[in-house]
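Quantities reported herein were computed from a predicted structural model and do not represent experimental measurements. Hydrogens, waters and symmetry mates are skipped; everything else that's a heavy atom, side chains included, is used.
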Amino acid sequence: MIWIARVAAALVGLFSLAMGVMVILSPVEAGESLGIGALSPIGLNALRADIGAFFLASAAASGAALFGGRPHWMLGAAVLYGLAFLGRVFGVVADGAPEGIATPLVVEFTMVVLSVFAAKRLAKG
């Protein structure tokens, strides 16, 4: 069962790393894929900094869990993705469901489940 937890942590880490690198290197394209855009140079900078930080923090937490012997760090990734998920749910309730909302909801919920599972299983060794 431990190998499944490692795979779960690796999936969260690799997805988060890929998204973080994409946002840093190609913020306009990444923003478009996320449904957000840079309206000014400071907005472009915010995409790199804020969105990049979200994903790279999740990747770092996954790496610490997998390679640093800190399985509880997966809970950091779970909190980040969980808050994003709750923010989207609030948005749906407040503003209605925009087209395409199902995909990010499923991705974020999956990241939470994988992160919590990995944290619990990796902690048991």
Side-chain angles (χ1 to χ4, degrees):
M1 189 70 87
I2 190 77
W3 67 272
I4 296 173
R6 289 176 195 218
V7 168
L11 288 172
V12 172
L14 289 173
F15 173 80
S16 299
L17 181 62
M19 290 297 294
V21 168
M22 184 171 73
V23 169
I24 297 294
L25 297 179
S26 301
V28 172
E29 292 81 6
E32 288 173 1
S33 74
L34 296 169
I36 55 179
L39 301 178
S40 66
I42 194 72
L44 181 65
N45 188 273
L47 276 171
R48 277 195 176 105
D50 301 336
I51 307 300
F54 173 93
F55 288 116
L56 293 176
S58 297
S62 299
L66 275 174
F67 305 114
R70 294 179 169 87
H72 59 281
W73 278 45
M74 285 304 299
L75 296 176
V79 167
L80 287 168
Y81 282 107
L83 289 171
F85 177 82
L86 291 175
R88 288 192 198 277
V89 170
F90 178 78
V92 167
V93 171
D95 306 320
E99 184 177 331
I101 193 67
T103 300
L105 282 169
V106 169
V107 169
E108 289 158 358
F109 182 78
T110 301
M111 292 295 126
V112 171
V113 170
L114 290 173
S115 297
V116 171
F117 172 77
K120 288 184 177 190
R121 286 294 178 199
L122 291 174
K124 292 181 181 181

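The side chain to side chain donor-acceptor pair (under 3.5 Å) search around Arg48 returns none, not counting sequence neighbours. For Ser62, the side chain to side chain donor-acceptor pair (under 3.5 Å) test picks out no residue, with sequence neighbours left out. When the ring-ring contact (aromatic ring centres under 6.0 Å, His included) test is applied to Phe117, no partner is found at least two apart in sequence or on another chain.
Expressed to the nearest 0.5 Å, how far CD1 of Ile51 lies from CE of Met22 amounts to 11.0 Å. Once rounded to the nearest 0.5 Å, the distance linking CD1 of Ile4 with CG of Leu114 reads 11.5 Å. Summarising the geometry, atom CD1 belonging to Ile2 is positioned 4.5 Å from atom CG belonging to Leu122; distances are rounded to the nearest 0.5 Å.
With a 4.5 Å cut-off on side-chain heavy atoms, Leu11 and Thr110 do not count as touching. Within the 4.5 Å cutoff, the side chain of Val113 has heavy atoms near those of the Phe109 side chain.
Other residues, nucleotides and ligands contribute only 12 or fewer heavy atoms inside 6.0 Å of the CZ atom of Arg6.
No side-chain donor-acceptor contact under 3.5 Å links Ser16 to the backbone of Gly13.
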Should Leu80 and Met111 be marked as a side-chain contact (heavy atoms from CB on, under 4.5 Å) after you check the CA-CA gap, both sets of side-chain angles, and the distance that decides it?
-> CA-CA 9 Å; Leu80 287 168; Met111 292 295 126; over 6 Å; no
Working for side-chain contact (heavy atoms from CB on, under 4.5 Å), residues Val12 and Met74 = CA-CA 9 Å; Val12 172; Met74 285 304 299; 4.1 Å; yes
List the steps, then state whether side-chain contact (heavy atoms from CB on, under 4.5 Å) holds for Leu105 with Phe85.
-> CA-CA 6 Å; Leu105 282 169; Phe85 177 82; 3.6 Å; yes
Do Glu108 and Val112 pass the side-chain contact (heavy atoms from CB on, under 4.5 Å) test, and can you show the C-alpha distance, the side-chain angles, and the key distance before you say yes or no?
-> CA-CA 6 Å; Glu108 289 158 358; Val112 171; 5.7 Å; no
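Leu75 approaches Ala119 most closely through the heavy-atom pair CD2-CB, 3.8 Å. The two atoms that bring Ser115 and Ala77 nearest to each other are OG-CB, 3.7 Å, heavy atoms only. Listed here is the closest heavy atom pair of Gly20 and Leu56: CA-CD2, 3.8 Å. Nearest heavy-atom pair, Ala97 versus Ile101, reported as atom, atom and distance to 0.1 Å: CB-CG2, 4.2 Å. Here the shortest heavy-atom pairing between Ala38 and Gly43 reads CB-C, 3.8 Å.
With hydrophobic clusters built from ILVMFWY side chains whose heavy atoms lie under 4.5 angstrom apart, Leu86 shares a cluster with Val92. Under a hydrophobic clustering in which Ile, Leu, Val, Met, Phe, Trp and Tyr are joined whenever their side-chain heavy atoms come within less than 4.5 Å, directly or via other members, Met1 and Trp3 fall into the same cluster. Residues Met19 and Leu83 are members of separate hydrophobic clusters, defined by side-chain heavy-atom contacts under 4.5 angstrom among Ile, Leu, Val, Met, Phe, Trp and Tyr. In the hydrophobic cluster analysis, where Ile, Leu, Val, Met, Phe, Trp and Tyr join through side-chain heavy atoms closer than 4.5 angstrom, Leu17 is grouped together with Ile24. If you chain together hydrophobic residues whose side chains sit under 4.5 Å apart, Leu66 and Val21 never meet in one group.
Using the six-membered ring where Trp is involved, Phe54 and Tyr81 have ring planes that are perpendicular, over 60° apart on the 30 and 60° scheme.
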